[in-house]
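Accompanying notes for the structure given below.
Small disclaimer: the values here were computed from a predicted structure and weren't measured.
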Amino acid sequence: MAKFCPNCGSGVKVKDKFCQECGTALGSRAKAAGTKSRGRASKTKNSANSLLQFASGSGLVWLGGGLGVLALAALLVVVLRPGQNGEQVLQAPPATQTAETAAGQRQASPLRTSTDIETRKPAAAREKIVTARLAPHPEDPSKGRLGVSVRDLPGGLVRLFDIPVSEAVLVSEVISGGPAEAAGIEPGNVILSVAGNATPDTRALVRRVVERAPGEALSVRLLELAKTPDELVRILHREVSENGDPTLTSNLGEMYEIGSVVRQDKKKAVSLYEAAADKGNISAMFRLAVQYSNGDGIARNDELAAKWFREAASKGHADAMSNLGAAYSNGRGVAKDDVEAMRWFGKAADQGQAEAMRSLANGYSKGRGTTKDLAQAAQWYLKAAEAGDAIAMKLVGYSFMQGEGVKKNPQEARRWFESAIVAGDADAHGFLAIMYGTGADLKQDSEKAAFHFFEAIRHGDTWALEQMTSKPQTWSLALRRNLQRRMRDAGIYQGKIDGKFGPGTTRSIRALAGASDVAVGASSAAPAESTTSGLDDLEKLD
């Protein structure tokens, strides 16, 4: 006697676990049917009475009743593959439906094709070990370079693929022609360890790579989540549209926002953030607020930005608290209220949010929203600096330099200015240029002063530019000669090293100010005993 699917009447093999036509789970439920035509009649009846729920950009739509099976099946091909041809990603199932129950319903759906059944769940991640021969790092040829862009591993991917560890990094991009590409590393791979050492986050991976020399063979332990990056993206879209996991939805939004694994698409990112935020995902609420605040992928709307910052902040998101405080401080999307701003800065600071600590310190420093208290300001600047905030490091240096809220200490000021530069705030070069150039606080050193003027000008410091173009005679002859020498070694000055700042020297200084990417050779490195290095400018001291 033949064996047929009890739901659609299609013929099935004895060993089949699922019907290849409709996806119904077989086993004890699969019984011999009288005739195949009788089963097909049952299929038509079931299809006529069934309802298909799917989501569009404007809301939930119900299809069923009079639509024929073929029409519904054709529609399903589009519904199950969102994100193609630029269409909006479909909204997820109701929030009360878990991934497990949604999976069970998919098995019973009379409209699944064999392809859908076979790829309904991603295959288990495959572990592999590759060897990459490191290339020289472009900024420091003595250090190794792997040739990848990475990000911390999203939590949604950890759950979806049953990744055994959450402390790993996701490869966002592979540099063409680099060591990683040659070794077979692809976007979407997960890096678990290098040279036997775990890579719990992006900083750990960078540290483990740059501490090795170019040419060294580096063993990299990977997880391959899919055969290709495109397949991984298809899997994620399918899971988002079918299961509606808000965490995974938000993760996919971040991938589109920053161009990680997928081609950058800010509009798709916003669409995904909206879907996840509506289901209560706090991270998506915050990211959506940022998009509205910056007008990124969507028209800028300060009121909606403040609304979503508030939603995320009320659920304990520290970055959202800090941004909501900034909204009140600047009157963006809400009525300006310095007291309310300080309240939110305080909440975020209590959770260790470094920028909020700095903003709280700024309020105490200026008496904005609270009583002016320089000692309190200095304490919060120090806490923010110790938490890694580069701007706060610079401001701590300034406090020690000026003796504001703390006892004046030039050596501590120098140490914090140097830390700020290493952490990314190039404005601190200008303060060190003053300290070494005047000798008022540190021992005068024309070589170090010239180095810091050079770096300050190169990174857009308008004060340093004005000093060397309008008031060069204010500074020592030795300092001016050293600055000319540095510009000559950088290839932007061909005149005499005489300390006379005529039209030629001034033009070279202005050229330096307009060439932030000027190649600085070994001769332009920081003077002995200085730990500074030129990094991108972040923010001006207000």
Side-chain angles (χ1 to χ4, degrees), residues 138-141 390-391 394 397-398 401-402 410 413-414 417-542:
E139 295 182 8
D140 187 346
I391 300 172
K394 174 186 64 183
Y398 184 78
M401 177 183 173
Q402 297 293 97
R414 176 190 62 79
F417 285 141
E418 289 180 346
S419 296
I421 293 167
V422 171
D425 195 320
D427 271 346
H429 280 296
F431 291 108
L432 287 172
I434 294 172
M435 296 182 77
Y436 283 118
T438 62
D441 296 309
L442 297 175
K443 181 180 179 180
Q444 191 168 16
D445 189 319
S446 61
E447 185 182 356
K448 289 181 179 179
F451 165 75
H452 289 294
F453 265 116
F454 181 93
E455 290 297 322
I457 294 169
R458 185 165 78 91
H459 287 92
D461 190 313
T462 55
W463 172 85
L465 177 64
E466 181 185 10
Q467 291 296 307
M468 289 296 126
T469 55
S470 302
K471 307 173 183 178
Q473 302 305 319
T474 305
W475 304 91
S476 72
L477 180 63
L479 189 160
R480 285 179 274 144
R481 284 175 174 167
N482 276 310
L483 183 57
Q484 286 176 325
R485 186 175 294 110
R486 287 186 174 277
M487 291 192 297
R488 181 196 63 187
D489 293 343
I492 58 175
Y493 175 68
Q494 289 80 40
K496 295 181 179 179
I497 308 300
D498 56 9
K500 297 179 180 179
F501 278 28
T505 302
T506 301
R507 280 196 299 272
S508 295
I509 292 172
R510 294 192 183 281
L512 175 63
S516 61
D517 59 346
V518 63
V520 182
S523 58
S524 293
E529 299 180 5
S530 175
T531 61
T532 59
S533 61
L535 297 171
D536 290 337
D537 195 11
L538 295 180
E539 181 179 282
K540 297 295 181 187
L541 178 65
D542 58 33

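Residues Gln484 and Thr505 have side chains that bring a donor and an acceptor to within less than 3.5 angstrom of each other.
Thr506 places no side-chain N or O within donor-acceptor distance of the main-chain N or O of Thr469, the cut-off being under 3.5 Å.
Residues that satisfy the side-chain contact (heavy atoms from CB on, under 4.5 Å) test with Glu466, not counting sequence neighbours, are Ser470, Lys471. Leu477 pairs by the side-chain contact (heavy atoms from CB on, under 4.5 Å) definition with Arg480, Arg481, not counting sequence neighbours. Scanning for side-chain contact (heavy atoms from CB on, under 4.5 Å) contacts around Ser476 gives Gln444, Ser446, Ala478, Leu479, with sequence neighbours left out.
Across all their heavy atoms, Ala423 and Ala390 have their closest contact at CB-CB, 3.7 Å. When all heavy atoms are compared, the tightest approach of Phe454 to Ala490 is CZ-CB, 4.0 Å. Scanning all heavy atoms of the two residues, the minimum distance from Lys500 to Asp498 falls at N-OD1, 2.9 Å. Leu465 and Ala513 get closest at one heavy-atom pair: CD1-CB, 3.9 Å. Heavy atoms only, all atoms of each residue included: Trp463 and Gly430 are closest at CZ3-O, 3.8 Å.
Note that the CZ atom of Arg507 and the CE atom of Met487 stand 11.5 Å from one another [nearest 0.5 Å]. Distance check, rounded to the nearest 0.5 Å: CG of Leu442 to CD1 of Ile434 gives 11.5 Å. Distance check, rounded to the nearest 0.5 Å: CD1 of Ile509 to CD of Gln467 gives 11.0 Å.
Of the candidates Asp425, Leu432, Val422, Leu432 is the only one forming a side-chain contact (heavy atoms from CB on, under 4.5 Å) with Phe417.
Between Trp475 and Phe453, the angle of the ring planes goes over 60°, which puts this pair in the perpendicular group of the 30/60° scheme. Ring geometry for Phe451 versus His429: interplanar angle over 60°, hence perpendicular rather than tilted (30 to 60°).
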